[in-house]
Amino acid sequence: MLDIGPGQGTQALRLARAGHLVTGLEADPAMLAAFRAAVAAEPADVRARVVVLQGDGRETGRHFGPACFDVVLCHGVLMYVPDPEPMLAALARVLAPGGLLSLLVRNGDALAMRPGLLGDWGTALQAFGSAGSAGYAGYVNRLGLATRADRLAPLTQTLAGICAPLHAWYGVRVFTDAAPDHAVVPSDPGALAALLDAEEAAGRADPYRGVAALLHVCGLRT
Ligand SMILES: C[S@@+](CC[C@H](N)C(=O)[O-])C[C@H]1O[C@@H](n2cnc3c(N)ncnc32)[C@H](O)[C@@H]1O
């Protein structure tokens with residue numbers, strides 16, 4: 001599996017612990033150092049399943065041959081890339097036939113939801129006018145960075161164009177997106193399980209998934 005923009009390696013390490021061979025390609029030296037430190041703290045068998053590389057996900061050709069991964073993750077990264085198409089084409093290139101492209105993107109169709117639920121009416125109103133003609137919407141994220149959201153219809157077209165047509169999509173953070181940054185995770189396991197079950201159910205069902213903060217979009221390489 002290839003994880004593009006793994007950050008500190010949260011997902012990559014979960015996959016490696018589950019037995020998968022994972023390569024992480026990370027652009028930022030500080031995140032890379034955090035990822036390497038996290039790998040070093042793992043047992044030897046997990047460490048042996050992880051490769052950490054520095055590089056840009058748009059330049060897979062510098063690191064890998066074509067069609068060499070069964071799964072490519074790109075979670076929480078496309079919002080930082082001004083144009084998603086070169087990144088997506090570079091990812092499709094390294095996917096083996098039948099391989100899964102797993103994207104987690106900010107949902108550009110529902111940018112008014114978070115500010116609206118927080119009572120920030122000015123930002124909510126701005127969001128209604130933020131979708132550009134190419135279908136990409138700009139927004140300022142919680143870290144104060146100007147970032148970009150993706151809309152499902154143009155993303156679906158792009159996936160068809162790179163031979164990784166849409167296979168499935170889900171909403172992520174339907175009910176919990178307006179929670180404060182430092183909200184406490186419920187300590188009662190039953191309450192946490194119920195919260196997660198409610199999110200999971202909403203993320204799979206219309207109309208809820210369409211207004212989720214994030215979209216988990218999966219393409220399958222033809
Ligand atoms: C919000 S974090 C997501 C981390 C991880 N994927 C997750 O879901 O927990 C975004 C990461 O993508 C990295 N990144 C941004 N643009 C990138 C690019 N063009 N190529 C590789 N990594 C990139 C950032 O340095 C950062 O570590």
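Indexing begins at 1, ligand by ligand and atom by atom, following the structure's order. Just so it is clear, the values below take in all heavy atoms, side chains as well, and ignore hydrogens, waters and symmetry mates.
Note: His216 and His75 have perpendicular aromatic rings, judged against thresholds of 30 and 60 degrees for the angle between ring planes.
Per-residue contacts place Ala27 under 4.0 angstrom from the following atoms of ligand 1 (heavy atoms of the residue considered): 20 (N), 21 (C), 22 (N), 23 (C). Close contacts between ligand 1 and Gly76 involve ligand atoms 1 (C), 2 (S), 3 (C), 10 (C) [criterion: under 4.0 Å to a heavy atom]. The contact set between ligand 1 and Leu25, taken as ligand atoms under 4.0 Å from a residue heavy atom, comprises 21 (C).
Residue-environment remark: CD (Gln8) stays at or below the threshold of 12 foreign heavy atoms within 6.0 Å. Applying the 6.0 Å contact sphere to CG of Asp109 captures more than 12 heavy atoms from other residues, nucleotides or ligands. Within a 6.0 Å sphere centred on CZ of Arg62, other residues, nucleotides and ligands contribute 12 heavy atoms or fewer. Taking a 6.0 Å sphere around OH of Tyr208, one finds it holds 12 or fewer heavy atoms contributed by other residues, nucleotides or ligands.
Atom 19 (N) of ligand 1 has as its closest protein heavy atom Asp56 OD1, 3.1 Å. Among protein heavy atoms, atom 27 (O) of ligand 1 sits closest to Glu26 OE1, 2.9 Å. Scanning all protein heavy atoms for the shortest distance to atom 20 (N) of ligand 1 gives Gly57 N, 2.9 Å. Nearest non-hydrogen protein atom to atom 9 (O) of ligand 1 is Gln11 CG, 4.4 Å.
Annotation: His75 places an N or O atom under 3.5 Å from an N or O atom of ligand 1; distance criterion only. Distances between N or O atoms of Asp3 and those of ligand 1 include no value under 3.5 Å. Taking any N or O of Gly5, backbone or side chain, at least one lies under 3.5 Å from an N or O belonging to ligand 1. Residue-to-ligand polar distances keep Val77 apart from ligand 1: every N/O pair is separated by 3.5 Å or more.
Heavy atoms of Gln8 come nearer than 4.0 angstrom to ligand 1 in no pair at all. Using a 4.0 Å cutoff on heavy atoms, Gly55 counts as a contact of ligand 1.
Between Thr158 and Pro84, every side-chain heavy-atom pair lies at or beyond the 4.5 Å cut-off. Proximity of Leu155 to Val217: side-chain heavy atoms (C-beta onward) are separated by under 4.5 Å at one or more points.
The closest donor-acceptor contact from the side chain of Glu26 to the backbone of Asp28 lies under 3.5 Å.
Looking at every heavy atom in both residues, Leu2 comes nearest to Ile4 through CD2-CD1, 3.8 Å.
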